[in-house]
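One structure is given below, encoded as structure tokens.
This is a predicted model, so every value here is computed, not measured. Values below: every heavy atom of this structure, side chains too, minus hydrogens, waters and symmetry copies. The residues of the chain are indexed from 1 along the displayed sequence.
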Amino acid sequence: MSGLAPVVSTIEAPPSALARRAYRAGKYGSTAGVAPGYVQGNLVILPEAQAAAFHRFCQLNPKPCPIIGMSEVGDPHIPALGLDLDIRTDIPRYVVWKDGEAIDRPAEVTKYWRDDLVSFVIGCSYSFEEAMLADDLPIRHIEQDVLVPMYRTNIACKPSGPFAGPMVVSMRPLKPADAIRAVQITSRFPAVHGAPVHLGLPRSIGISDINKPDYGDAVRINDDEIPVFWACGVTPQAVIAAARVPFAITHAPGVMLITDLKNKHLAVL
């Protein structure tokens, strides 16, 4: 024997990979504010037979559905988003869909995996929240430690094949001056929904009760604040339900896939 000590790697896993490993081991909770600096994504998994039409749907609707990653057919890994990433296990909670109905909300989807499935990862507004926080803008759902409120609207998405339905929006209450600043900040991040699609007047986009979100949790809106709405990556879930897609898997609203991409690399200015 040479007597040389074994080489031990001193490279530490990034916070994004550590978060994925925790979720893989069964941890549950909102991913808002987790692994600061790293891009989070919404997930849609579809059979190859529907994948092309959904891909076109995303291209036609880039505000709610900006694609940041896509798998090969049957492959549960997307190395461009994380070398150790496993799409079947690395999200805190999933939703399994059959004929447009949610039939299961498991912590992992290995038993549902098929060789014909294609995974799409769609940009998430949690990523631009980092830039808002850096500018001292409040993020109410993080303050209250709840899921971001999300609403189905009367804004119709452009259809592609079976995929058609309403845009879903996420909401953050802000003072008017802060809302103007939020528009400026988030406009720099088109890969994660970009600028808001609506400010104030929720009824004009089909939201009858701001205190009863369709997904996530209600948050406090102070008297000097207005609701500010961004296009949301939960939109495909509303479309999957409306189209009664035979089979699909998505993330559960509010809990995302954390990737190894850096938020700062998404900024266009």
_For V39, is there any backbone N or O sitting under 3.5 Å from a side-chain donor or acceptor partner on T259?_
yes

*Side-chain contact test, heavy atoms from C-beta onward, threshold under 4.5 Å: evaluate it for P47 versus L117 and give yes or no.*
yes

*same_hphob_cluster(L174, L199) at 4.5 Å side-chain heavy-atom cutoff*: yes

*If the plane angle is over 60° it's perpendicular, under 30° parallel, otherwise tilted; pick one for H198 and F229.*
tilted

*Does a side chain donor of either Q40 or H251 reach within less than 3.5 Å of an acceptor in the other side chain?*
no

*Considering non-hydrogen atoms only, spot the tightest contact between I185 and M132 and give its length.*
CG2-N, 4.2 Å

*asked:* Would you say CG of D145 has more than 12 non-hydrogen atoms from neighbouring residues, nucleotides or ligands within 6.0 angstrom?
replied: no

*Residues E225, R220; criterion side chain to side chain contact (heavy atoms under 4.5 Å, CB included); working and verdict*: CA-CA 10 Å; E225 294 176 329; R220 183 181 71 256; over 6 Å; no

_Does any part of the side chain of I87, heavy atoms only, come nearer than 4.5 Å to the side chain of V121, both counted from C-beta?_
yes

*Please check if atom CD in E72 has more than 12 non-hydrogen atoms from other residues, nucleotides or ligands closer than 6.0 Å.*
no

*Between Y215 and R152, does any side-chain donor sit less than 3.5 Å from a side-chain acceptor?*
yes

*asked:* Between R181 and D135, does any side-chain N to carboxylate O distance fall below 4.0 Å?
replied: yes

*Verify the cluster assignment for V255 and I258: are they in a single hydrophobic cluster under the rule of side-chain heavy atoms below 4.5 Å apart?*
no

_Nearest non-hydrogen partners of G69 and L81, listed with the distance_ = CA-CD1, 4.0 Å

*Is the CG atom of D209 crowded by more than 12 outside heavy atoms at less than 6.0 Å?*
yes

*Is K98 paired with E101 through a side-chain N to carboxylate O contact shorter than 4.0 Å?*
no

*What residue pairs, at least two apart or across chains, pass side chain to side chain donor-acceptor pair (under 3.5 Å) with a residue in residues 233-245?*
Q237-T250

*Please say whether more than 12 non-hydrogen atoms of neighbouring residues, nucleotides or ligands are located less than 6.0 Å from CZ in R56.*
no

*Assign the ring pair F54 / F163 to parallel, tilted or perpendicular, where the plane angle (0 to 90°) is split at 30° and 60°.*
perpendicular

*asked:* Has N42 got a side-chain atom pairing as donor or acceptor with G123's backbone, closer than 3.5 angstrom?
replied: yes

